[in-house]
Colleague: 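Can you read through this structure? Questions will come right after.
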Amino acid sequence: MTILVLSDSHSTLRFMRQCVQAVKPNALIHLGDYLDDGVTLAEEFPEIPFYQVPGNCDRYRCPPGQPEILVDNICGVRVYMTHGHRHQVKLSIGALLKDARAARVDAVLYGHTHAADCHREEDGLWVLNPGSSGYYGGSAGIIATRDGIITDCRILREADIVSALSAKMP
């Protein structure tokens, strides 16, 4: 199964739409900045389970009580989702990792920095920041799962998406 992770779209939907069309994910996650973009995407692809958290730029865009952190089982794996601003991820991801480990998750997903990162910690925890789908040509994260295990986690760039969409054309 495939999880597509997007963040920091900042009112730019083109790349996100291309990602959904190219990847055809089993689940879709938007990590904030701008919440409305995620809502639009969820409406355009209602058949895909959708998860979302607000970012620091969403203070006036989200309904009251919208959780800033979600922990859920998605495609058989336990995932910690946040935008990252409350964990001060621009300084360090230490606090984020601590909270994710306390939640006993398989992967922690965050945005906010606009810098894509995908790596696995020594204890097996996957860490994914998809970067910004709205700036720098766009980037996204993809997580592949099978039988409750993450089998692949990586960053997709605009060139990857364009290539995948071109390959599908007759």
Side-chain angles (χ1 to χ4, degrees), residues 1-55 57-58 70-84 89 93 96 100 105-121 124-170:
M1 302 194 84
T2 305
I3 305 167
L4 177 63
V5 184
L6 302 162
S7 187
D8 296 280
S9 48
H10 295 279
S11 293
T12 305
L13 291 161
R14 180 191 59 79
F15 179 75
M16 294 198 313
R17 287 178 176 125
Q18 289 176 329
C19 286
V20 174
Q21 293 165 351
V23 173
K24 300 200 179 311
N26 300 99
L28 180 57
I29 297 171
H30 187 265
L31 300 171
D33 282 359
Y34 288 177
L35 198 80
D36 298 344
D37 299 344
V39 170
T40 299
L41 210 59
E43 290 171 352
E44 290 177 8
F45 300 95
E47 70 283 4
I48 304 172
F50 178 74
Y51 304 83
Q52 181 168 25
V53 291
C57 294
D58 292 318
L70 286 178
V71 177
D72 209 334
N73 290 321
I74 303 172
C75 296
V77 297
R78 190 162 163 83
V79 180
Y80 186 104
M81 299 164 272
T82 188
H83 183 65
V89 297
I93 63 169
L96 175 64
V105 297
D106 301 301
V108 57
L109 315 177
Y110 72 102
H112 189 53
T113 66
H114 296 195
D117 177 40
C118 181
H119 70 275
R120 193 170 190 188
E121 293 283 303
L125 177 66
W126 282 99
V127 180
L128 174 64
N129 180 334
S132 173
S133 60
Y135 296 130
Y136 322 114
S139 63
I142 187 167
I143 301 170
T145 70
R146 187 179 20 190
D147 300 326
I149 296 170
I150 295 174
T151 58
D152 188 28
C153 185
R154 58 190 157 100
I155 302 297
L156 298 175
R157 307 275 181 197
E158 182 179 36
D160 301 318
I161 298 303
V162 169
S163 176
L165 288 172
S166 297
K168 291 181 180 185
M169 295 179 72

Colleague: Is there side-chain contact between His10 and His114, with heavy atoms separated by less than 4.5 Å?
Modeller: yes
Colleague: Is there any side-chain hydrogen bond (donor to acceptor under 3.5 Å, both in side chains) pair reaching into residues 127-141, and which pairs are they, with sequence neighbours excluded?
Modeller: Thr113-Asn129
Colleague: With side chain to side chain contact (heavy atoms under 4.5 Å, CB included) as the criterion, how do Met81 and Ile74 come out once you've worked through the C-alpha distance, each side chain's angles and the decisive distance to 0.1 Å?
Modeller: CA-CA 11 Å; Met81 299 164 272; Ile74 303 172; 3.7 Å; yes
Colleague: Can you tell me how far apart CG (Leu28) and CD (Gln52) are? Round to the nearest 0.5 Å.
Modeller: 9.0 Å
Colleague: Would Ile143 and Asp152 count as a side chain to side chain contact (heavy atoms under 4.5 Å, CB included) here? Give the steps.
Modeller: CA-CA 6 Å; Ile143 301 170; Asp152 188 28; over 6 Å; no
Colleague: Can any side-chain N or O of Thr2 pair as donor or acceptor with the backbone N or O of Asn26 at less than 3.5 Å?
Modeller: no
Colleague: Show your reasoning for whether side chain to side chain contact (heavy atoms under 4.5 Å, CB included) applies to Leu96 and Tyr80.
Modeller: CA-CA 9 Å; Leu96 175 64; Tyr80 186 104; 3.8 Å; yes
Colleague: Is a donor on one side and an acceptor on the other found under 3.5 Å between the side chain of Asp8 and the backbone of Asp33?
Modeller: no
Colleague: Is any side-chain heavy atom of Val5 less than 4.5 Å from a side-chain heavy atom of Ile142?
Modeller: no
Colleague: Taking the side chain as every heavy atom from C-beta outward, state whether Pro25 and Ile48 have any pair of such atoms under 4.5 Å apart.
Modeller: yes
Colleague: Assess the side chains of His30 and Ser9: does a donor N or O sit below 3.5 Å from an acceptor N or O?
Modeller: yes
Colleague: Check whether any side-chain heavy atom of Val127 lies under 4.5 Å from a side-chain heavy atom of Arg120, and answer yes or no.
Modeller: no
Colleague: Looking only at non-hydrogen atoms, find the nearest pair between Tyr34 and Cys57 and report the distance.
Modeller: CE2-CB, 3.7 Å
Colleague: With a 4.5 Å limit on heavy-atom distance, are the side chains of Leu4 and Val20 in contact?
Modeller: yes
Colleague: Sequence neighbours excluded, which residues qualify as ring pair (Phe, Tyr, Trp, His ring centres under 6.0 Å) partners of Tyr51?
Modeller: none
Colleague: How far does CG of Leu31 sit from CG of Leu109, to the nearest 0.5 angstrom?
Modeller: 6.0 Å
Colleague: How close do Thr151 and Arg146 get, heavy atom to heavy atom, and via which atoms?
Modeller: CG2-NH2, 3.4 Å
Colleague: Evaluate Ile29 against Leu70 for side chain to side chain contact (heavy atoms under 4.5 Å, CB included), listing each step before the verdict.
Modeller: CA-CA 11 Å; Ile29 297 171; Leu70 286 178; over 6 Å; no
Colleague: Any donor-acceptor pair under 3.5 Å linking the side chain of Thr40 with the backbone of Asp36?
Modeller: yes
Colleague: Does Ser11 offer a backbone N or O that forms a donor-acceptor pair with the side chain of Asp37 under 3.5 Å?
Modeller: yes
Colleague: Does the side chain of Leu41 reach to within under 4.5 Å of the side chain of Leu6, using non-hydrogen atoms?
Modeller: yes
Colleague: Using every non-hydrogen atom in the two residues, find where Phe50 and Val39 come nearest and quote the distance to one decimal.
Modeller: CZ-N, 4.3 Å
Colleague: Measure across His83 and Ser7 and return the closest heavy-atom pair with its distance rounded to 0.1 Å.
Modeller: ND1-OG, 4.1 Å
Colleague: Can you confirm whether Trp126 sits close enough to Asp106 that some side-chain heavy atom of one is under 4.5 Å from a side-chain heavy atom of the other?
Modeller: no
Colleague: How close do Ile150 and Ala107 get, counting heavy atoms only, and between which atoms?
Modeller: CD1-CB, 3.7 Å
Colleague: Out of curiosity, Cys19 SG to Glu158 CD, how far, rounded to the nearest 0.5 Å?
Modeller: 9.0 Å
Colleague: List the atom of Asp160, the atom of Arg157, and the distance in Å for their closest heavy-atom pair.
Modeller: OD2-N, 2.7 Å
Colleague: Would a 4.5 Å heavy-atom cut-off, applied to side chains only, mark Val108 and Leu125 as touching?
Modeller: yes
Colleague: State, without any angle test, whether Gln18 and Arg14 hold a side-chain donor-acceptor pair at a distance under 3.5 Å.
Modeller: yes
